[in-house]
Amino acid sequence: MNNIEHKEFILSKVELLKAIAHPIRLCLIQRLCENERCNVTFFTNCMDASQSNISQHLGKLKDLGILGSEKEGQAVYYFIKNEEVRKIVEFILGCENE
């Protein structure tokens, strides 16, 4: 890896860490580590955030490719798409799939 590639690699990891560094987003990812897939209402007690605030953070994580979603009827279920993020969160928070 040359210097330019190394710099781009490091910067991409920094962006990933910044994306999950927000308390609400970290809480959302932790819940998904423990439960595999959840809808918005499941997350409403994450850091006492409102449902609209939760939705905004889920949307950001989805836009960044960290989460994916599936629609079932009226409900949208979110899941962790980026396994690197799952490993990071499991490591720092010690969450396990139940």
Side-chain angles (χ1 to χ4, degrees):
M1 185 180 303
N2 66 37
N3 285 341
I4 293 172
E5 290 170 333
H6 184 257
K7 181 179 178 181
E8 290 173 1
F9 174 78
I10 295 296
L11 291 174
S12 72
K13 300 306 176 188
V14 166
E15 290 305 312
L16 184 69
L17 291 171
K18 284 197 294 190
I20 65 174
H22 190 283
I24 293 173
R25 292 193 289 266
L26 188 57
C27 180
L28 298 173
I29 296 167
Q30 178 187 26
R31 294 282 168 81
L32 287 168
C33 282
E34 296 169 345
N35 296 284
E36 288 301 314
R37 59 191 285 268
C38 307
N39 64 16
V40 175
T41 56
F42 180 82
F43 299 113
T44 53
N45 59 357
C46 263
M47 307 301 294
D48 297 319
S50 67
Q51 189 167 339
S52 63
N53 196 358
I54 297 279
S55 293
Q56 290 174 350
H57 286 287
L58 287 168
K60 176 151 180 95
L61 291 169
K62 188 176 174 193
D63 290 346
L64 294 169
I66 294 170
L67 300 184
S69 65
E70 297 172 341
K71 190 166 184 171
E72 288 183 16
Q74 296 293 325
V76 177
Y77 289 88
Y78 294 88
F79 57 90
I80 297 174
K81 186 175 171 181
N82 184 318
E83 288 302 313
E84 186 175 29
V85 168
R86 178 188 302 276
K87 289 176 186 174
I88 292 167
V89 172
E90 286 175 347
F91 178 77
I92 62 174
L93 297 180
C95 57
E96 296 178 16
N97 188 315
E98 298 177 351

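One-based numbering along the sequence shown. From a predicted model like this one, the values you see are computed outputs, not experimental measurements.
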Legend entry - Partner residues of E8 under the side-chain hydrogen bond (donor to acceptor under 3.5 Å, both in side chains) criterion, sequence neighbours left out: none
Legend entry - I92 side chain near L26 side chain, heavy-atom distance below 4.5 Å: yes
Legend entry - Nearest-0.5 Å distance, CE of residue M1 to NZ of residue K7: 14.5 Å
Legend entry - Partners meeting side-chain hydrogen bond (donor to acceptor under 3.5 Å, both in side chains) with E5 (sequence neighbours left out): none
Inset, instruction - Return the minimal non-hydrogen interatomic distance between L32 and C38, and the atom names on each side. - result: CD2-N, 3.7 Å
Inset, instruction - Return the set of residues passing side-chain hydrogen bond (donor to acceptor under 3.5 Å, both in side chains) with K13 (not counting sequence neighbours), or none when no residue passes. - result: E84
Inset, instruction - Tell me whether F91 is reachable from L93 by hopping between hydrophobic residues (I, L, V, M, F, W, Y) whose side-chain heavy atoms are closer than 4.5 Å. - result: yes
Inset, instruction - Might you confirm whether atom CD1 of I10 has over 12 heavy atoms from other residues, nucleotides or ligands at distances under 6.0 Å? - result: yes
Output a table of donor-acceptor pairs, distance under 3.5 Å, between side-chain atoms of residues 58-80 and any protein atom two or more places apart or on a different chain; print 'none' if there are none.
residue	atom	partner	partner atom	Å
K62	NZ	S69	OG	2.7
E72	OE2	R37	NH2	2.5

Inset, instruction - Please lay out, stage by stage, how R86 and E83 fare under the test salt bridge (Lys or Arg N to Asp or Glu O under 4.0 Å). - result: CA-CA 5 Å; R86 178 188 302 276; E83 288 302 313; 3.0 Å; yes
Inset, instruction - Rounded to the nearest 0.5 Å, what's the gap from OG on S12 to CD on E15? Could you check? - result: 8.5 Å
Inset, instruction - Return the set of residues passing side-chain hydrogen bond (donor to acceptor under 3.5 Å, both in side chains) with K81 (not counting sequence neighbours), or none when no residue passes. - result: none
Legend entry - Side chains of I88 and L16 in contact at under 4.5 Å (non-hydrogen atoms): yes
Would you give me the side-chain donor-acceptor pairs under 3.5 Å for residues 43-53, sequence neighbours excluded?
residue	atom	partner	partner atom	Å
T44	OG1	T41	O	3.1
N45	OD1	R31	NH1	2.7
S50	OG	S52	OG	3.3
S50	OG	N53	N	3.2
N53	OD1	H57	NE2	3.2

